[in-house]
Amino acid sequence: MNLVFLGPPGAGKGTIAALAKDYYQIPHISTGDLFRSNIKNETELGKQVKSILASGGLVPDEVTIAMVRNRLEEKDAARGFILDGFPRTIPQADALEGMAKLDAVVNFVLADEEIIKRLSGRRICKSTGRTYHVVFNPPKKEGIDDETGEPLIQRDDDKPEAIKHRLEVYAASTEPLIDYYRKKGLIVDLDASKSPEEVMRQLASLVKA
Ligand code: ADP
Ligand code: ADP
C-alpha cells in the first residue's frame, strides 16, 4: 500500500500516520522528521536546510526529491509506505510518479483557526519526534516526554511568525496538489477536525487494508 498524506501543517498527518503505520503495516516516512534528524545530527544536509526549516520556507525540490528517492530505496519501503509531508510541490509530485505507483492520496481537511490552535500548542520530544499538544494531547507530566523523560520543546517553525508564513507557503505551493491528484482519481478527503481515533476510523473505512 503506497499512501501520501496531504494537508496543511498541523492538520494531524503525523499523529494519524503513527496509528496508520501499525494498521497498514507500512513505514511512516516524514520528510520533516528526516530533515530534523539531519539537523540534530549536524550532517551536511542538516546544515544546508536548518535556516530554511526555521523560517517555514520549503527546501529546494532537488534536495528533497533526492532524499526521498534514497529513503524509498530502503528495504522496509518495499512493502509500501506512508509519505507524510511529501510531495509539497508539483515538481515533487511529478518526480514521485517515476518512483512509485500510489494507491491513494489522503487529503486532511481542517479550518485555519483549528490549524493555528494545533500548531501553537504543539510540543515535541527532540530525540524521538513524538508529538504532543498542551491541551489536546498533553504528556502525563507537564513538559516531559512520557517515555524518554526528556524535556519537550516547541519547534521554531511553530512560533507565530513562522506559522503565518507556512500557511502562505501551503496555499501557494502545496494546495494545487489537491487538484493535481483529484484529476488522477486518487484523492480521499478526511474530516481532520475529529479526534485522532475518529480520523483513523474514517481512514480505515475509506482506504481498505
Ligand atoms: P508539518 O508537520 O508542520 O506539516 P513538516 O514536519 O512536514 O511540517 O515539515 C517541516 C519543514 O520541513 C517544512 O516547513 C519545510 O521547511 C521542510 N519540508 C518538509 N517536507 C518538505 C518538502 N516535501 N519539500 C520542501 N520542504 C519540506
Ligand atoms: P501535522 O503532522 O499535520 O503537522 P501533527 O500530527 O503534528 O500535524 O499535529 C499537530 C498538533 O495537533 C499536535 O500538537 C497534535 O498533538 C495535535 N493533534 C493532532 N491530531 C489532533 C486531533 N485529531 N485533535 C486534536 N489535536 C490533534
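In each ligand, atom 1 is the first atom listed, and ligand 1 is the first ligand listed. Treat the numbers as computed from the prediction; the structure is a model and nothing was measured.
Close N/O approach between Thr31 and ligand 1 is found [any backbone or side-chain N/O within under 3.5 Å]. For ligand 1, the polar-atom distance check against Gly85 finds a nitrogen or oxygen pair separated by under 3.5 Å. On a distance-only criterion, Ser195 and ligand 2 share no N/O pair closer than 3.5 Å. For ligand 2, the polar-atom distance check against Leu119 finds no nitrogen or oxygen pair separated by under 3.5 Å. Considering backbone and side-chain atoms together, Val59 places an N or O closer than 3.5 Å to an N or O of ligand 1. Ligand 1 has a nitrogen or oxygen under 3.5 angstrom from a nitrogen or oxygen of Arg88. At a 3.5 angstrom cut-off on N or O pairs, Arg123 does not count as close to ligand 2. Taking distance alone, with nitrogen or oxygen atoms compared against 3.5 Å, Arg122 approaches ligand 2 more closely than that limit.
For atom 27 (C) of ligand 1, the nearest protein heavy atom (residue, atom name, distance) is Phe35 CE1, 3.7 Å. The shortest contact between atom 22 (C) of ligand 2 and any protein heavy atom is with Arg118 NH2, 3.4 Å. The single protein non-hydrogen atom nearest to atom 3 (O) of ligand 1 is Arg166 NH2, 2.3 Å, given as residue, atom name and distance.
Between Ile26 and Asn2 there is no side-chain heavy-atom pair separated by less than 4.5 Å.
Residue Gly14 has at least one heavy-atom neighbour below 4.0 Å for each of these atoms of ligand 2: 1 (P), 2 (O), 6 (O). Of all atoms in ligand 1, listed by their number and element, those nearer than 4.0 Å to a heavy atom of Thr64 are 22 (C), 23 (N), 24 (N), 25 (C). Taking a cut-off of under 4.0 Å to the non-hydrogen atoms of Lys13, the atoms of ligand 1 that pass are 4 (O). For ligand 2, the atoms lying closer than 4.0 Å to a non-hydrogen atom of Lys194 are 22 (C), 23 (N), 24 (N). Close approach of ligand 1 to Pro9 is summarised as follows: ligand atoms under 4.0 Å from at least one heavy atom of the residue are 3 (O), 4 (O). Listed by atom number, the atoms of ligand 1 under 4.0 Å from Arg155 heavy atoms are 1 (P), 2 (O), 3 (O), 5 (P), 6 (O), 8 (O), 10 (C). In summary, the atoms of ligand 2 found under 4.0 Å from a heavy atom of Phe136, numbered by their order in the structure, are 25 (C), 26 (N).
One N or O on the side chain of Asp146 and one on the backbone of Lys140 form a donor-acceptor pair closer than 3.5 Å. For Lys13 (side chain) and Pro8 (main-chain N/O), a donor-acceptor pair under 3.5 Å exists by modelled atom type.
When the heavy atoms of Ala11, Gly57, Gly7 are ranked by distance to atom 15 (C) of ligand 1, first place goes to Gly57. Across Gln92, Lys50, Arg36, heavy-atom proximity to atom 6 (O) of ligand 1 is greatest for Arg36.
A heavy-atom separation below 4.0 Å is not found between Glu198 and ligand 2.
With sequence neighbours excluded, the residues satisfying ring pair (Phe, Tyr, Trp, His ring centres under 6.0 Å) with His133 are Phe136.
Neither the backbone nor the side chain of Phe108 has a heavy atom within less than 4.0 Å of ligand 2. Looking at Ala17 against ligand 2, nothing comes within 4.0 Å, counting heavy atoms.
In Lys164, the NZ atom is not crowded: 12 or fewer heavy atoms of neighbouring residues, nucleotides or ligands sit closer than 6.0 Å.
Taking 4.0 Å as the cut-off between side-chain N and carboxylate O, Lys47 and Glu42 do not count as a salt-bridged pair.
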Step-by-step side-chain contact (heavy atoms from CB on, under 4.5 Å) determination, Asp158 to Ser120
CA-CA 6 Å; Asp158 282 343; Ser120 51; over 6 Å; no
